[in-house]
Each structure stands twice: as structure tokens, then as C-alpha cells.
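Right, one structure below, let's go through it.
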Amino acid sequence: QVQLMESGGGLVQPGGSLRLSCAASGTIFSIGVMGWYRQAPGKQRELVATGTSGGRTVYADSVKGRFAISRDNAKNMVYLEMNRLKPEDTAVYYCNQGVRVSMAADYYQSFWGQGTQVTVSS
């Protein structure tokens, strides 16, 4: 089985910065797409950013130019650098990783972390 653990959330003032981290552990052969999603109260979970093992990234329009996703493939970690935070960025942020659990597996399974709260408020 695979477990994802997020860290780095918290309370920050508007205009501030936070860095989220997500570590994958367990039975891992390789990881494909890594990403971050968020869910604000009363809203659906939405994509924030994703990154492939080849370096291709996708960002939600609302965070382009402010957030940056990066990954350390050797450590099975993905990061989200969040700058110029706004109150509307307040949400629970979830890590998602597509994991190939063995050499014999020819597909990637999607795993989710438990989420970390980010609150942007003065």
C-alpha cells in the first residue's frame, strides 16, 4: 500500500507565502503525475497544479504566476510553493500521486493524502 503525508499548511496573512510538502511511502516502483488539489468550504475539490516526471506542469488559472509545483523523484516528494497568497486561497490542500506499485503493474494507481489546511487571513 502507499501512503501520502502532507505538511506545511497553516495560517498566513494575505500576501504571505507557504510551502507545502508531500511525501509518498510504501510499495512504490515509480511515480507518474504528482499534483495538488484544494477544497474550500462548500465547494468542490479543484486542481491547483500538477507535474509529470518529465517536467511538464499544469496550473489553475487562479494560481498561475503565484504558485510553483516541484518534485524530487528520488525522494518521492512533491512540493507546492505558494506566494502572494489571497484569502480565496483558503482551503484544505490535498496531495495526489499516481503510483506504479510494482514492475509487473502496467498502470498507475491514484493515491491521496489526508489534506493540510491553509488559511489566509489578517
Side-chain angles (χ1 to χ4, degrees):
Q1 191 54 281
V2 174
Q3 298 82 38
L4 303 186
M5 180 63 70
E6 301 108 333
S7 61
L11 173 65
V12 63
Q13 292 187 342
S17 298
L18 281 176
R19 188 188 194 220
L20 305 183
S21 300
C22 173
S25 61
T27 307
I28 300 171
F29 177 73
S30 66
I31 300 179
V33 177
M34 296 181 176
W36 291 93
Y37 294 73
R38 67 186 181 187
Q39 188 166 18
K43 295 187 176 182
Q44 290 188 332
R45 190 173 298 187
E46 63 177 3
L47 180 147
V48 177
T50 62
T52 69
S53 57
R56 178 172 292 183
T57 57
V58 173
Y59 292 94
D61 287 343
S62 59
V63 307
K64 283 180 181 177
R66 300 188 298 122
F67 290 12
I69 188 171
S70 61
R71 56 192 284 169
D72 185 331
N73 293 321
K75 296 181 179 179
N76 296 329
M77 292 199 66
V78 60
Y79 307 94
L80 185 68
E81 188 75 35
M82 304 186 292
N83 299 308
R84 303 198 306 277
L85 282 159
K86 304 175 182 180
E88 50 264 43
D89 294 318
T90 296
V92 178
Y93 283 70
Y94 296 90
C95 171
N96 177 267
Q97 298 192 24
V99 178
R100 186 178 169 192
V101 299
S102 71
M103 186 184 300
D106 59 358
Y107 58 94
Y108 290 86
Q109 297 182 52
S110 178
F111 292 92
W112 292 89
Q114 293 295 313
T116 184
Q117 177 70 46
V118 171
T119 302
V120 184
S121 175
S122 56

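Each residue takes its place number in the sequence, starting with 1.
- Between Phe67 and Leu85 there is a side-chain heavy-atom pair separated by less than 4.5 Å.
- Annotation for Pro14 and Ser121: closest pair CD-C, 3.6 Å, computed over non-hydrogen atoms.
- No side-chain N or O of Ser25 forms a donor-acceptor pair with one of Asn76 less than 3.5 Å apart.
- With a 4.5 Å cut-off on side-chain heavy atoms, Lys75 and Ser21 do not count as touching.
- The environment of Gln114 atom CD is sparse: at most 12 non-hydrogen atoms of other residues, nucleotides or ligands sit within 6.0 angstrom.
- Shortest non-hydrogen contact noted between Val48 and Val63 is O-CG2, 3.6 Å.
- The side chain to side chain contact (heavy atoms under 4.5 Å, CB included) with Val118 is formed by just one residue from the set Leu20, Leu11, Leu80, Thr90; it is Leu20.
- Residue Gln117 holds its CD atom at 12.0 Å from CZ of Arg38, rounded to the nearest 0.5 Å.
- Looking at Ser70 and Glu81, their side chains never come closer than 4.5 Å, going by heavy atoms from C-beta outward.
- Atom OG of Ser62 and atom CG of Asp89 lie 7.0 Å apart (nearest 0.5 Å).
- Connection of Tyr108 to Ile28 is not established within any shared hydrophobic cluster, with ILVMFWY side chains joined at heavy-atom distances below 4.5 Å, either directly or through further cluster members.
- Going from atom CD of Gln1 over to atom CZ of Phe111 covers 5.0 Å, rounded to the nearest 0.5 Å.
- Pairing each heavy atom of Thr50 with each of Tyr37, the nearest pair is CG2-OH, 4.1 Å.
- A donor-acceptor pair is defined here as one N or O able to donate and one able to accept, closer than 3.5 Å; no such pair exists between the side chain of Thr116 and the backbone of Tyr93.
- Across all non-hydrogen atoms, the minimal contact from Ala60 to Leu47 is CB-O, 3.4 Å.
- Residues Met34 and Tyr59 share a single hydrophobic cluster, defined by chaining ILVMFWY side chains whose heavy atoms lie under 4.5 Å apart.
- Counting heavy atoms from C-beta outward, Cys95 and Trp36 have side chains that approach closer than 4.5 Å.
- Counting heavy-atom neighbours within 6.0 Å of Glu88 CD, excluding the residue itself, gives a total above 12.
- Remark: the backbone N or O of Ser122 is not paired with any side-chain donor or acceptor of Gln13 at under 3.5 angstrom.
- The minimum heavy-atom distance between Arg45 and Tyr94, with the atom names listed, is NH2-CZ, 3.5 Å.
- A salt bridge links Lys64 with Asp61: the distance from a Lys NZ or Arg NE/NH1/NH2 to an Asp or Glu carboxylate oxygen falls below 4.0 Å.
- Closest non-hydrogen pair, Arg84 versus Arg66, comes out as O-NH1, 2.9 Å.
- In this structure, Arg100 contributes its side chain and Ala105 its backbone to a donor-acceptor pair below 3.5 Å.
- Note on Val92: it does not cluster hydrophobically with Met82, by side-chain heavy-atom contacts below 4.5 Å among ILVMFWY residues.
- For the atom pair CZ (Arg71) and CE (Met77), the distance works out to 12.5 Å, reported to the nearest 0.5 Å.
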What do the steps show when you test Ile69 against Val78 for side chain to side chain contact (heavy atoms under 4.5 Å, CB included), and what is the final call? CA-CA 7 Å; Ile69 188 171; Val78 60; 3.8 Å; yes
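- Separation of atoms CD (Gln109) and OG1 (Thr27) is listed at 10.0 Å; rounding is to 0.5 Å.
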